[in-house]
Every structure is written in structure tokens, then in C-alpha cells.
Novice: 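Could you have a look at this structure, given as C-alpha cells, before my questions?
Keep in mind that this is a model prediction, so the values were computed, not measured. Throughout, a chain's letter reflects where its sequence line sits, starting with A, and its residues are numbered from 1.
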There are 2 protein chains.
Amino acid sequence: MQPIPRRTLTEAATEALRERILRGVHRAGEPLRQEALAAELGVSRIPLREALHRLEAEGLVALVPHRGAIVAEVPVGDLAELFELRALIECDLLARAIPLATPEDLEHARGAAGVFAQAVTRGRTAQLGEANSRFHAALYAPANRPRTMELVERLHMQCDRLLRLQLTLTDGGAQAVREHEALWHAVSDGDLSRATQQLQEHILGAGTRLAAAIASQTRQEG
Amino acid sequence: MQPIPRRTLTEAATEALRERILRGVHRAGEPLRQEALAAELGVSRIPLREALHRLEAEGLVALVPHRGAIVAEVPVGDLAELFELRALIECDLLARAIPLATPEDLEHARGAAGVFAQAVTRGRTAQLGEANSRFHAALYAPANRPRTMELVERLHMQCDRLLRLQLTLTDGGAQAVREHEALWHAVSDGDLSRATQQLQEHILGAGTRLAAAIASQTRQEG
DNA sequence: CGGCTGCATATTGGATACAATAACCGGTCG
DNA sequence: CGACCGGTTATTGTATCCAATATGCAGCCG
């Protein structure tokens, strides 16, 4: 029996605010006025402030003393770094996971891939990031690397914010679905080098295309 | 001109408490009573609680709703994972740094290595962790990878807590000094493969020795 | 004698209240 | 007309206070 689905206002505020930032409800650089936000969430400033400190540690919020909190800038300058870091870590995870993967693991990953594919075809852009993370997490789960997984989750969070800058997901999503399928088959075959190769291309390719899209968009606007 | 060496009580409490935990003033699992700790730090519970939430995100504190905060357990079970993760990421960093390293970078790293060596010979165990981190950071700095660096810093934090469990640093420190020197020479020669090879052995070796030491210690105690 | 119930106490969670700092704005002086 | 200076207001930082929850103990009941 599970004893404690406890929930404190601080936790609730943290999740709500994190979700808001990731979904783009608050734009990067936007100041987060404590009183207003607290009222909007139906709490006082105390739990909200605790949430802000938590999210600062996660890199979603920047706190300036006596000036308040602002939504952290999307790390466009570090885009390449983030995606390359993901490729490095996730390929290592996958290499460790493949030899340990059970048929149940594969089935689970296949399900997650399906969820992502559905989200793409139905245009549920809000769920894409999480569905994608879940698929990747399912692939890596057999490696049994909790610390690394947590880290990857945070990286995905940052990358999702970058993706949201550029909603070219219409075609990028379709390509991701195809790559997920190919990746899954490689994993399913136990073909370690092919799988890591495809994973690396999947991640780095997404980063490159995203960088190009953002660059062209910035050029147009600037 | 530097505009703002601002300091809020929350920040001060965060750093003080982080330092205390890393230095082992508070043992793992020890409950952190808010009122007592706040009084000890000379602040009220509010900034202390904000500090606790920050440190929870950093993995140094665990918050249990309505039961309070406890010092997070040292991740002995994840020791291998942490050191292997460090090896993976830091070798990549070093490989990127070497081609970009300037003579000034090398000099800086050499200085950091000297500081670490002095800390070892003088038995300043409290400073070893930071000195070690600084040397590694100096090596990687030319890579210009701020996100990765931040991540590595957090990993070092966790690894330092593990090291503190087992103060066999007397000989481990001397070995680390030698390995740092060899590593620095390899970097200085621009020998990428030799340098990464030595770095990998340096990190993984430390992890392995630490695991063995902890295992034998646990066996004795258990 | 053991376990459960209910009160008393300690501690945390959260809200309100106050102090400190920064942003704003108008006026004055050069 | 522009820049400095003062006060005014908005907002954050922190302390105090109250409510909610957990912990421990004593007494009751089986």
C-alpha cells in the first residue's frame, strides 16, 4: 500500500509554474510579480517564493535580488552545446540499456513511441515534449541509471523550451516519428552500434535543424 | 565597474548550509530542524526554508512534507554511475578544450594544480574538493561550455560527499597530484588521446578505489 | 498484558504584517 | 532644455503569527 500522496502548496505551485513556463504561458524575460502570480495560483507569496527558488535551481527562473524573478532566457546561445551534451549522455545510456533490455522494456518503449506519434498526427503540440521525453526515457530505463536519467530529463526540459521557440514541429515531428521507429527497431534487434548511431543523428539532427530554423527566423525578424 | 555584490539572507543561508553539508557538519540522514538551524544561522525560518528548497533541487537535502528536511543520503549506491558519468562528460569537455587552450589557460591550470598539491601536502582536507574542482574546471574552461561546466560542478559536489565518507585521501591525494601532473603535461603537449585517456583513468580509478574503500569499511562495520 | 484511542506537545506549512530596497515622477537648478 | 535631487509608490525581503499535521504519551478497553 502506498502511504503518502501528500501535496504541499509549494510543490503544487512549483509544478504549475514549471508547466506554465515550459508551455510558454510566460515568455522568456517576462517578470514574475510575486503578488500577482500568487493570487493567480490562489496561494500566498510564501509557497510561491519557495517554488521560484526551486525553479531557479532548475534553470527556468532567474532571481535578481530586490528586483524579483524573471522567466529565464531560452538558451539559444547554448543550443548546440545542449544538444551535443544530450547526444553524448543519451548514447551512453542507450549503449548500457540495450544489453539489459527485456521484451517488456521494448514493448513499453513501443507504446511510448506510439503515444508520441499520435500526439504528432493530432497536432497536440503541448504534449509533444513530454511524449518525446517519455519515449527516450523508456529506451534508457533498462540501463538503470537514475542519476543520469534525472539529468537527461532536465536537459530535455531546456531543449523543449528551445523547440517551442520554433514551431516547425509540423514536419520535424513527422521526421522524429520515423526516426523513433528506426531507432526502436535497431534497439529491438539489439544492434548497439546502429542504435547509438541513429540516436546520435536523431538528436544532433534535431539540434541542427532547430538552430537553422531559429537563425533564419531571427534573420527575418532582425 | 562591478555593479552589484548584492546578498540576500536566503542566498547566504543557502551557501552556508551547502557548505556545512559538504563539509560534513551535518551527517547524512540528519534531520534539519528549521527553528534551530535558523537560530544558529541568525535568520528567521523564511530564508532558511527557501534555502532548503534550493538545496533540495541540488540533491543535498530531502524534504518530506510535514516532517521536515533531512540531509540527503550520500549516493553510495550510485557511486559507479556518478564517476562513470563524470568520466564521460569530462573527457568530452577536455577533448573540446585542448584544441582551444591558450598558453594562459595552461598556466592557469598549472596554478590550480599547484594549489591542489599544496592542499594535499598540508593536509587541508576541507579544501581538497574545491581545489580539485578548480583544477578540472581550469582544464575544461577553454571548451567554453557553460552548461556542461555547471553540470560537472554539481557532479563534483556529489562525488565530494562520497569522498568524505572515506578519508583515505592521504594516499589517494598523493596519487591524484601525480595524475594531475601527468594529465597537465598531456594537455600541454596537445596530445588529445593521451590526455583523455589519462583523465578517464584518473576519474574511473578514483571511483573504483573509493568504492573498494567504502566496501571494505562497510564490511568491517557490518 | 497488549493494543488502541485521544489528548498534549513539537514542528512544519502558510498567511499576514512590517521593513528595506528599487523604480517612478515631478520639480528645481544649472 | 537637460540633469540632478527629493519624495512617493510599488515590489521584494524578512519576521512574526496562526493553522495544520505529526509525534509521543497516558489511560482505557479488550
Novice: Dot-bracket, 5' to 3', for DNA chain D please: Watson-Crick or G-U pairs under 3.5 Å, [ ] where pairs cross earlier ones, | where the partner sits on another strand, dots elsewhere.
Specialist: ||||||||||||||||||||||||||||||
Novice: Can you give one letter per nucleotide of nucleotides 5-16 of chain C, going 5' to 3': B for a protein heavy atom under 4.0 Å from the base, S for sugar-phosphate only, - for none?
Specialist: ------SBBSBB
Novice: I'd like to check the side-chain contact (heavy atoms from CB on, under 4.5 Å) partners of E40(B); sequence neighbours left out, ordered by chain and number.
Specialist: R20(B)
Novice: Only counting residues at least two apart or in another chain, list the ones meeting side-chain contact (heavy atoms from CB on, under 4.5 Å) with A28(B).
Specialist: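 A28(B): side-chain contact (heavy atoms from CB on, under 4.5 Å) contacts with E73(B), V74(B), R161(B).
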Novice: I'd like to check the salt bridge (charged side-chain N to carboxylate O under 4.0 Å, His left out) partners of E81(A); sequence neighbours left out, ordered by chain and number.
Specialist: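 With sequence neighbours excluded, E81(A) shows a salt bridge (charged side-chain N to carboxylate O under 4.0 Å, His left out) to no residue whatsoever.
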Novice: If you look at every heavy atom in H26(B) and E30(B), which pair is closest and at what distance?
Specialist: ND1-OE2, 3.0 Å
Novice: Separation of L63(A) atom CG from dT12(D) atom C1', in whole Å?
Specialist: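 L63(A) atom CG is separated from dT12(D) atom C1' by 11 Å.
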Novice: Would you find more than 12 non-hydrogen atoms of other residues, nucleotides or ligands less than 6.0 Å from E130(B) atom CD?
Specialist: no
Novice: Of all residues at least two apart in sequence or in a different chain, which pass the salt bridge (charged side-chain N to carboxylate O under 4.0 Å, His left out) check with D92(A)?
Specialist: R96(A)
Novice: Return yes if a side-chain donor-acceptor contact under 3.5 Å exists between H156(A) and E90(A), otherwise no.
Specialist: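 Looking only at side-chain atoms, E90(A) and H156(A) do form a donor-acceptor pair, the distance falling under 3.5 Å.
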Novice: For R209(A), look at atom CZ and say whether over 12 heavy atoms of other residues, nucleotides or ligands are found less than 6.0 Å away.
Specialist: yes
